[in-house]
Undergrad: 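If you scroll down you'll find the structure; I have some questions about it.
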Amino acid sequence: MLKQERYQEFVNYFSTHNPDAQTELNYSNPYELLVAVILSAQCTDKRINQITPALFERYPDPETLAASSVDEVFSYIRSVSYPNNKAKHLVGMAQKLCDEFKGIVPEKIEDLVKLPGVGRKTANVISSVVYNNPAMAVDTHVFRVSNRLGLTSRATTPLAVEKQLVKFLPKETIAIAHHWLILHGRYICLARKPKCEICPITYFCKYFEKTHKVVG
DNA sequence: ATCCCGAGGG
DNA sequence: CCCTCTGGAT
């Protein structure tokens, strides 16, 4: 199957079966989403959602977070991965947000990545989810699933995957395709043992073709 | 033991 | 390119 055909099947399947895919992180404004995404590195969304209610109650806006000590933020996030780094990042992020962006989460990728704790992946999430831009955030799931499905080929870095996906996906599907890939990776196309036996999209999957199809 | 919506620094 | 940060679930 040609790569373009895989893209077509991919968009066809998920736009039919999961037209409302979205993040599983709980948040109620751009600031909260930014905090939640920074916290989500190497951590399940479920765990983040367990600690963000108290965190957002204590720090309802960038100003209160910017004024906090790193130690106090740490006490709210100690159960997530890399709590020391993230506590430092969150306070630094809030301070920069207040000092240079008037407390408003910026839209441009080049502005977002200036914030401590915000790399390209997080910046793309904010750009696409908050501002509806056709940005593709490539995390571990998007990277793995894209390569397995055959949407990308010879893409060895997240940036290479991002560029190929943005190039080949219909523009209006880029934002939601991010969530399709993540959800598929999280629940079916698992890193260690992909559940091919219950996967509904093996009919256009390159990985399934390689590993299951008998070739003479 | 391996994985979870990575980022920063060397 | 590499390494480190780091806790909880399976």
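Reminder, nothing fancy here: chain letters follow the sequence lines and each chain counts from 1.
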Undergrad: Using heavy atoms and a sub-4.0 Å distance, could you list which residues of residues 110-119 of chain A are near DNA chain B? By number, please.
TA: Leu115(A), Pro116(A), Gly117(A), Val118(A), Gly119(A)
Undergrad: With a 3.5 Å cut-off and sequence neighbours excluded, list the donor-acceptor pairs that the side chains of residues 88-101 of chain A form with protein atoms.
TA:
unit_1, atom_1, unit_2, atom_2, d
His89(A), ND1, Asn85(A), O, 3.4
Gln95(A), NE2, Ala66(A), O, 3.1

Undergrad: Show every ring pair (Phe, Tyr, Trp, His ring centres under 6.0 Å) that has at least one partner inside residues 39-79 of chain A, sequence neighbours left out.
TA: Tyr59(A)-Tyr76(A)
Undergrad: Using the test side-chain hydrogen bond (donor to acceptor under 3.5 Å, both in side chains), find all partners of Gln50(A) that sit at least two apart in sequence or belong to another chain.
TA: none
Undergrad: Under 4.0 Å from any atom of DNA chain B, heavy atoms only: list the residues of residues 90-102 of chain A that qualify, in numerical order.
TA: none
Undergrad: How is His178(A) classified with respect to the nucleic acid when contacts are heavy atoms under 4.0 Å: base, sugar-phosphate, or nothing?
TA: base
Undergrad: Name every donor-acceptor pair, under 3.5 Å, that has one atom in a side chain of residues 191-201 of chain A and the other anywhere in the protein, sequence neighbours excluded.
TA:
none

Undergrad: Within the 4.0 Å heavy-atom criterion, would you say Thr23(A) contacts the bases, only the backbone, or no part of the nucleic acid?
TA: base
Undergrad: Please enumerate all residues that pass ring pair (Phe, Tyr, Trp, His ring centres under 6.0 Å) together with Tyr27(A), with sequence neighbours excluded.
TA: none
Undergrad: Sequence neighbours left out, what passes ring pair (Phe, Tyr, Trp, His ring centres under 6.0 Å) with Phe10(A)? Give chain and number order.
TA: Phe14(A), Trp180(A)
Undergrad: Just grab all the ring pair (Phe, Tyr, Trp, His ring centres under 6.0 Å) pairs involving residues 120-149 of chain A, residues at least two apart or on different chains.
TA: none
Undergrad: Looking at residues 132-141 of chain A, who's got a heavy atom less than 4.0 Å off DNA chain B?
TA: Asp139(A), Thr140(A), His141(A)
Undergrad: Could you run down the sub-3.5 Å N/O contacts of the protein with nucleotides 7-10 of chain C?
TA:
unit_1, atom_1, unit_2, atom_2, d
dG7(C), O4', Val80(A), O, 3.4
dG7(C), N1, Ser81(A), OG, 3.0
dG7(C), N2, Gln42(A), O, 3.4
dG7(C), N2, Ser81(A), OG, 3.1
dG7(C), N3, Ser81(A), OG, 3.1
dG8(C), O3', Arg47(A), NH2, 2.8
dA9(C), OP1, Arg47(A), NH2, 3.3

Undergrad: Could you check Thr64(A) against Asp61(A) for side chain to side chain donor-acceptor pair (under 3.5 Å), going step by step and ending with a plain yes or no?
TA: CA-CA 6 Å; Thr64(A) 52; Asp61(A) 48 55; 3.1 Å; yes
Undergrad: From the 5' end of DNA chain B to its 3' end, which nucleotides mark the outer limits of contact with chain A, defined by a 4.0 Å heavy-atom distance cut-off (strictly under)?
TA: dT2(B) to dG8(B)
